[in-house]
Amino acid sequence: MKKLFKLILNTIPRPLLIRLSYVARPIIAFSLRGTNFTDPIDGKSFKSMLPYGYETQRNNVLSPSTLSLERHRLLWLYLNEETDFFKSELVSDSSFTNTKRIKLRDAETNSALKVLHFAPEQAFYKLFRNQKNLDYTTTDLFSPLADVKADICNLPFEDNQYDVILCNHVLEHIPDDTKAMQELYRVLKPGGMAILQIPQDLSRATTFADDSITDQKERAKIFGQYDHVRIYGRDYFDKLRSIGFKVIEEDYTNKIAPELVEKYCLAKGEIIPVCFK
């Protein structure tokens with residue numbers, strides 16, 4: 001199965017993969033139902049999750065029901081437990097950390113959160129679209145799920161427009177990531193929150209890039225995926241700060257019980273870059 005999934009990921013264009021997944025997903029989810037692992041996004045459980053990876057395949061990481069990966073489930077838990085993203089008001093403390101949730105909306109107006117979501121993931125798309133407390137816009141150059149086809153380095157949005165920006169595993173594809181970060185900062189409202197997840201090698205102090213490597217197979221071996229242009233190191237957070245963001249390096253799996261980290265198939269030690277303007 002691992003070889004089959006690797007072949008599919010590396011040969012079928014992503015927009016077509018998204019369309020095909022709508023047909024295959026319910027069949028695979030039914031065949032893998034069980035009790036070993038749970039996807040917290042929809043609460044469904046499975047005897048195993050699916051492998052995933054363009055170069056190195058990781059076991060038990062792709063949810064058969066939502067098609068979420070480790071980062072998606074971690075982000076969902078963070079938004080659900082630590083913010084009022086899914087709630088009309090702050091009704092309780094986080095069950096994981098016993099701290100007050102991050103307040104994203106104006107309590108006086110209680111208006112819908114204006115959310116901009118880059119390269120919307122299937123794990124979130126319908127969930128966020130159906131949230132009545134969200135004014136939800138998706139954007140991407142190629143995704144069939146995008147409301148607005150746009151270049152992240154030249155966004156067609158006004159300054160200070162969005163309360164929340166989600167841009168996850170996008171920046172590693174962008175040659176001029178500085179310009180992209182500046183655009184994200186520009187369209188975020190003062191006081192707004194952006195979550196900018198990226199694949200990151202925390203053993204590296206500095207980010208690595210080499211444009212002289214042009215062979216796709218070689219790029220996949222070095223960068224983990226043929227269309228990645230860099231490997232981010234620990235300096236990623238300081239680069240965001242240099243743009244103007246206030247950055248919280250949220251090591252959220254350390255706030256979750258170890259048995260739930262395993263049950264939810266999370267990546268222990270993954271850092272969520274939570275950015276504020």
Side-chain angles (χ1 to χ4, degrees), residues 1-2 4-6 8-9 17-18 20-54 56-87 91-99 101-102 115 117 119-131 133-134 136 145 164 166 168-169 195 197-200 250-274:
M1 183 177 288
K2 291 173 68 174
L4 175 61
F5 270 72
K6 183 175 180 179
I8 290 172
L9 287 172
L17 266 179
I18 292 174
L20 291 174
S21 68
Y22 281 103
V23 177
R25 181 169 54 182
I27 299 171
I28 297 173
F30 180 79
S31 67
L32 290 178
R33 65 194 186 283
T35 60
N36 292 334
F37 304 104
T38 298
D39 184 339
I41 298 175
D42 64 1
K44 293 182 179 179
S45 296
F46 310 96
K47 60 185 178 184
S48 68
M49 292 201 184
L50 297 167
Y52 188 86
Y54 281 78
T56 301
Q57 291 271 295
R58 309 187 303 282
N59 291 321
N60 283 323
V61 294
L62 181 66
S63 167
S65 57
T66 67
L67 298 184
S68 64
L69 293 167
E70 310 100 311
R71 64 180 182 267
H72 304 131
R73 295 187 290 276
L74 185 65
L75 175 57
W76 185 89
L77 288 166
Y78 180 81
L79 291 174
N80 188 59
E81 293 289 336
E82 304 298 329
T83 79
D84 63 347
F85 186 86
F86 293 111
K87 300 169 178 63
V91 294
S92 65
D93 296 343
S94 166
S95 61
F96 288 162
T97 61
N98 293 319
T99 58
R101 287 185 170 91
I102 295 172
V115 178
H117 191 176
E121 301 93 339
Q122 288 187 73
F124 297 136
Y125 180 73
K126 286 187 177 180
L127 176 65
F128 293 173
R129 182 68 76 197
N130 292 333
Q131 286 290 130
N133 65 326
L134 303 181
Y136 180 62
L145 303 181
V164 177
L166 302 173
N168 301 318
H169 285 234
I195 294 186
Q197 290 173 300
I198 41 85
Q200 187 175 26
E250 184 64 74
D251 187 359
Y252 199 55
T253 59
N254 279 334
K255 298 180 179 179
I256 301 172
E259 61 270 20
L260 290 180
V261 171
E262 183 176 352
K263 185 78 171 178
Y264 296 153
C265 295
L266 304 177
K268 181 68 176 175
E270 179 177 352
I271 307 297
I272 306 175
V274 184

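If you read the sequence from its start, that first residue is 1, and numbering goes on from there.
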Participant: Answer yes or no: is there an ion pair linking Glu82 with Lys255, defined by an N-O contact shorter than 4.0 Å?
Facilitator: no

Participant: Nearest 0.5 angstrom please: Phe46 CZ to Thr38 OG1, how far?
Facilitator: 8.5 Å

Participant: When you compare the side chain of Ser45 with that of Arg33, does any pair of heavy atoms fall below 4.5 Å?
Facilitator: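 SC-SC contact between Arg33 and Ser45 ruled out.
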
Participant: How long is the span from the CD1 atom in Ile256 to the CG atom in Leu266, to the nearest 0.5 Å?
Facilitator: 5.5 Å

Participant: So how far is it from Asn36 CG to Asn60 CG, rounded to the nearest 0.5 Å?
Facilitator: 8.5 Å

Participant: Where is the tightest heavy-atom contact between Cys265 and Met49, given as atom of each residue plus distance?
Facilitator: SG-SD, 4.1 Å

Participant: Indicate the atoms forming the closest heavy-atom contact of Asn133 with Phe86, along with that distance.
Facilitator: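 Closest heavy-atom pair between Asn133 and Phe86: ND2-C, 3.6 Å.
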
Participant: Can you tell if the side chain of His169 reaches within under 4.5 Å of the side chain of Pro199, non-hydrogen atoms only?
Facilitator: yes

Participant: Kindly give the heavy-atom pair with the smallest separation between Gly269 and Asp251, and that separation in Å.
Facilitator: CA-OD1, 3.7 Å

Participant: Evaluate Trp76 against Thr66 for side chain to side chain contact (heavy atoms under 4.5 Å, CB included), listing each step before the verdict.
Facilitator: CA-CA 12 Å; Trp76 185 89; Thr66 67; over 6 Å; no

Participant: Start with the C-alpha gap between His117 and Tyr136, add the side-chain angles, then the distance that decides, and say whether side chain to side chain contact (heavy atoms under 4.5 Å, CB included) holds.
Facilitator: CA-CA 8 Å; His117 191 176; Tyr136 180 62; 2.7 Å; yes

Participant: Please assess Ser63 against Ile41 for the test side chain to side chain contact (heavy atoms under 4.5 Å, CB included), listing each intermediate value before the final yes or no.
Facilitator: CA-CA 10 Å; Ser63 167; Ile41 298 175; over 6 Å; no

Participant: Which is it for Asn254 and Lys268 under the side chain to side chain donor-acceptor pair (under 3.5 Å) test, yes or no, and what are the steps along the way?
Facilitator: CA-CA 8 Å; Asn254 279 334; Lys268 181 68 176 175; 2.8 Å; yes

Participant: Might you point out which heavy atoms bring Ser48 and Phe37 nearest each other, and give the distance in Å?
Facilitator: CA-CD1, 3.8 Å

Participant: Looking only at heavy atoms, what is the nearest atom pair of Arg73 and Tyr264, with distance?
Facilitator: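 Answer, listing the atom of Arg73 first, then Tyr264: NE-O, 2.7 Å.
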
Participant: For the aromatic rings, using the six-membered ring if either is Trp, is the centroid distance between Phe85 and Phe128 under 6.0 Å?
Facilitator: yes

Participant: Closest approach of Leu127 and Ala123, non-hydrogen atoms and distance?
Facilitator: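 Taking Leu127 first and Ala123 second, the nearest heavy atoms are CB-O, 4.5 Å.
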
Participant: Report the distance from atom OG1 of Thr253 to atom CG of Leu260, rounding to the nearest 0.5 Å.
Facilitator: 12.0 Å

Participant: What's the separation between atom CD1 in Ile195 and atom CD in Glu250, rounded to the nearest 0.5 Å?
Facilitator: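 Separation between the atoms: 9.0 Å.
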
Participant: May I have the step-by-step check of side chain to side chain contact (heavy atoms under 4.5 Å, CB included) for Ile102 and Asp84, ending in yes or no?
Facilitator: CA-CA 6 Å; Ile102 295 172; Asp84 63 347; over 6 Å; no

Participant: To the nearest 0.5 angstrom, please state how far the CG atom of Leu75 sits from the CG atom of Asn168.
Facilitator: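 Between Leu75 CG and Asn168 CG, I get 5.5 Å after rounding to 0.5 Å.
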
